[in-house]
Asker: 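Have a look at this one.
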Number of protein chains: 2
Amino acid sequence: MHALLSVAHILGRLLMVFSIAYVMPIVCALIYRDGTLLTFIVSLLACLLAGGVLTLATQAYQRELKARDGFILVALAWILMSSIATVPLLLHQPMSFTDAFFETMSGLTTTGATVMVGLDTLEPSVNLWRHALNWLGGMGIIVLAVAILPMLGVGGMQLFRAEVPGPIKDAKLTARIADTAAVLWGVYFMMTLACALSLRWTGMGWFDAICHAFAALSLGGFSTRDASVGAFDSPAIEAVLIVFMVLAALNFATHFTVWRERSLRPYWRDAEVRGVLAVLFLSCLGCTVYLWWGGVYDSFWTVLRHVSFNLTSIATDCGFVSTDYALWPIFVPFWMLFLSSITASSGSTGAGIKMIRTLILVRQSGRELTRLLHPNLAAPVTISGIPIPNRVVVAILGFIFLYFMSIVAMTFLLILGGLDFISAFTAVIACINNAGPGLGLVGPATNYGSLSDYEIWVLSFTMLLGRLEVFSLLILFTPQFWRK
Amino acid sequence: MHALLSVAHILGRLLMVFSIAYVMPIVCALIYRDGTLLTFIVSLLACLLAGGVLTLATQAYQRELKARDGFILVALAWILMSSIATVPLLLHQPMSFTDAFFETMSGLTTTGATVMVGLDTLEPSVNLWRHALNWLGGMGIIVLAVAILPMLGVGGMQLFRAEVPGPIKDAKLTARIADTAAVLWGVYFMMTLACALSLRWTGMGWFDAICHAFAALSLGGFSTRDASVGAFDSPAIEAVLIVFMVLAALNFATHFTVWRERSLRPYWRDAEVRGVLAVLFLSCLGCTVYLWWGGVYDSFWTVLRHVSFNLTSIATDCGFVSTDYALWPIFVPFWMLFLSSITASSGSTGAGIKMIRTLILVRQSGRELTRLLHPNLAAPVTISGIPIPNRVVVAILGFIFLYFMSIVAMTFLLILGGLDFISAFTAVIACINNAGPGLGLVGPATNYGSLSDYEIWVLSFTMLLGRLEVFSLLILFTPQFWRK
Ligand SMILES: [K+]
Ligand SMILES: [K+]
């Protein structure tokens, strides 16, 4: 109980910091005079008040957290911030708490699945708020991925405990986390700025440029238009977004190293970078040839353009859409969803299995096959020449099993409620990978608005499950977690 | 090359033994005078001749096989016997080699998927041949499961090396395999006899009773009727088949122990038996309540009857059908297919992941979660109090990953050719688990006859992949296997 109160104390502080986020839509409301100023001021105050009360009420329980409390903290942080972030949506839009919570959870987990229609005519400040949630979610994920999950040892990610960028390696743990986060946030901020400028330069207005830059670097994938990036119909904009989506799907620590060393070589040294680029390049090429050969579009270049953008977008877990790819032969959209499970790097804002685990699993499978022939040979799995401890391999295999089982279980929960199989299965994959659009009822030309409340709650849970890498959320549901 | 010729020598002998199988349809043709006598005599001679020539031509290469050759042997044994078994179908039926090979592979892997229609009016001898393939496939699987795969150490099954029934434990390896096989075949034969008599007693004719007993004990699931067991519309027949399908889904070594000890206690001691019964009981109950509550049938007993039979049939990988369950709310048919992956015991004629692996995986997941809380605690996974070596756990996790990836890869191969997702996905699951019917185009009310040649070949491969527990077939496609 004391542990919960200590966690609550930190959550209270987190809410108070989070209230600063409302300054963005407030400034926007002042510029656009879209009638949402009061809404966002009230929301800011509500958030600040809630945070303040929580902090003060639990002042007596302020203490250093144990690792175990970390699991409660991350889960509650996402749930609590998603809840409080619904306030402006509820004040301003005729939507239920269920739908609003889905939208904010989708924003903060950078899933980018939406239940809202009429985005093109939505007040700019409300749209900015959605995109700000994407962007802030991305900041949370960077801390989570680089500092918190490795510390908790989730799903083989202790691998990266040693990989925190150099200069700050020997500091105390909390200080190190803060410094690492600050460095990576710097990278994140600069790349967002570069993306916004590039989008403005290729023809977007300032507002759209900023919103889409938020959604691109966080791999959130919210858009200010119902038709997503397709509404701009611009190959230049799509090209810019492809570049930044790929950058966002790589490890931010690698970006930092590239910047520090003033050399592109760290990209080449990073096995994940090679993996991501190879998977994307070969998939784009293969799918383009397949669709072109199938005569889906007349021009090879049109196929290449649409495949490159949409495939990269789904594979990196961003989720922008430029055309209704659900109309293509189903191999391609399903392949895109498969890639959404495996492509994004560790230490990026993407989700799913992560490229590092994919690489280790592929090599481990090869090793198992070799072992059948030479039972006493036990050469370790290596990545870039570095041997991976057996315990990490087991943790990753365990992760993949629970990840698959989560997809199975969530799909069953949805079809139990009567949803058709394809919508259910692809919605679960899109949500657990924090990618965004699925197929069927939740395809690229539609959104999650037609789902029932039950389905929306199941998928909200699925998004969080994917974001917290399955283990760190499931552990809260085990009896031994709550045992003294 | 010498190794291949040594394997060919054994395959030649195997074919000569296999030619005895044709005696069954020959006797049937003599009794029913259905005009197939010449067909089966020619087939017998062709098989004997092929086997004889192969044996003699490779006489010089006769030698003890290495473990490595075992992988080639089992894969080629299934492929060669499936090929030669097509002869009577090709001589008598207007079907392509592709379709005939699918049918015989489906028989010998005990998948029971069929491409043939008009079974009700098919010559009895041809129908008996199909069912004989199921039954003989079952005999092959018992050797494979109890002796060969554990010897090769496939997917954690070295676990069972120690579990060969008692009295013959210390004999030489080859002698032990032969003795074990003989003992288990005895159990298999007696249970088949009991099943045939029970079916005759509950109202089937002798011919149908024998055919369905072959298909039940092998968990093959071929039927002499297009409508499968539904054609008999008899609760008593269904009850008999439920009992024998469940028995066939348990470890034959456990049956043998029960017989030897004259006590039912070995069933209770076997963790797999408890697992299979619990999964089947809870699933039948849950699905019955769900369908009854959904008003699918008026009477609770009708629901219970149809759910018990069809769910048990698919879950045990048998594949008999008594009603078009694809019309039920999709949760239930998908749950049945899920169970087909996990339910059958090791050492049974079922396929898929197997209950022992399911149990170990569930406990391993619990252990991984515990480890997040207590990183230095490393209590081993136990089954019935016996600790499972870590290496076995890793092998099982590796197996499950390759099994899932095989489902993904085969589904992509099918949708690449244009098949719809639900048909492709469920066909792959039904075939890799050697269960039989899927959903969509290959649902319980239809069969695999509408698929293209390409799809048929992919699924033939999938059936073999499942039967050989993924690893032992995939290893043949690795370069290191063929390296000196
Ligand atoms: K996304
Ligand atoms: K079967």
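Just so we're on the same page: letters track the sequence lines, and every chain starts at 1.
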Asker: Please classify the contact between B:F421 and chain A as side chain, backbone, both or neither, with a heavy-atom cut-off of under 4.5 Å.
Answerer: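 Looking at B:F421, backbone and side chain both touch chain A.
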Asker: Answer whether the closest heavy-atom distance between the side chains of A:L416 and B:Y290 falls below 4.5 Å.
Answerer: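 They are in side-chain contact.
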Asker: Would you say that more than 12 heavy atoms from the other residues, nucleotides or ligands in this model lie under 6.0 Å from the CH2 of A:W457, or not?
Answerer: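 Buried by this count: over 12 neighbours within 6.0 Å.
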Asker: If you count heavy-atom pairs within less than 4.5 Å of chain A, which of B:T478, B:V394, B:L474 leads?
Answerer: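 Heavy-atom pair counts peak at B:V394.
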Asker: Sort A:F404 into side chain, backbone, both or neither according to what part of it lies under 4.5 angstrom from a heavy atom of chain B.
Answerer: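 For A:F404, side-chain heavy atoms alone lie under 4.5 Å from chain B.
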Asker: Given that the side chain runs from C-beta out, which part of A:I400 has a heavy atom under 4.5 Å from chain B: side chain, backbone, both or neither?
Answerer: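 The side chain, not the backbone.
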Asker: Taking all non-hydrogen atoms of both residues, which atom of B:F412 and which atom of A:W335 are closest, and how far apart?
Answerer: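 Closest pair (atom of B:F412, atom of A:W335, distance): CE2-N, 3.4 Å.
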Asker: Name the option with the most non-hydrogen atom pairs under 4.5 Å to chain A; the candidates are B:L361, B:V332, B:L414.
Answerer: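 Ranked by contacts with chain A, first place is B:L361.
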Asker: With a 4.5 angstrom heavy-atom cut-off, could you sort out which part of B:L419 is near chain A: side chain, backbone, both or neither?
Answerer: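 Answer is backbone: N, CA, C or O of B:L419 sit under 4.5 Å from chain A.
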Asker: Shortest non-hydrogen contact from A:Q480 to B:L369?
Answerer: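 Residues A:Q480 and B:L369, closest heavy atoms: NE2-C, 4.4 Å.
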Asker: For A:V408, is it the side chain, the backbone, both, or neither that has a heavy atom closer than 4.5 Å to a heavy atom of chain B?
Answerer: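 Side chain of A:V408 only, per the 4.5 Å heavy-atom cut-off to chain B.
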Asker: Rounded to the nearest 0.5 Å, what's the gap from CD1 on A:I422 to CD1 on B:I330? Could you check?
Answerer: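 Reported to 0.5 Å precision, the distance equals 9.5 Å.
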Asker: Need one label for B:L402: side chain, backbone, both or neither, based on atoms under 4.5 Å from any heavy atom in chain A.
Answerer: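 When you check distances to chain A, only side chain atoms of B:L402 fall under 4.5 Å.
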Asker: If you measure from CZ on B:F401 to CD on A:E368, what distance do you get to the nearest 0.5 Å?
Answerer: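 With rounding to 0.5 Å, CZ (B:F401) is 11.5 Å from CD (A:E368).
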Asker: Using heavy-atom distances under 4.5 Å, tell me whether A:N390 contacts chain B through its side chain, its backbone, both, or neither.
Answerer: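 Neither the backbone nor the side chain of A:N390 comes within 4.5 Å of chain B.
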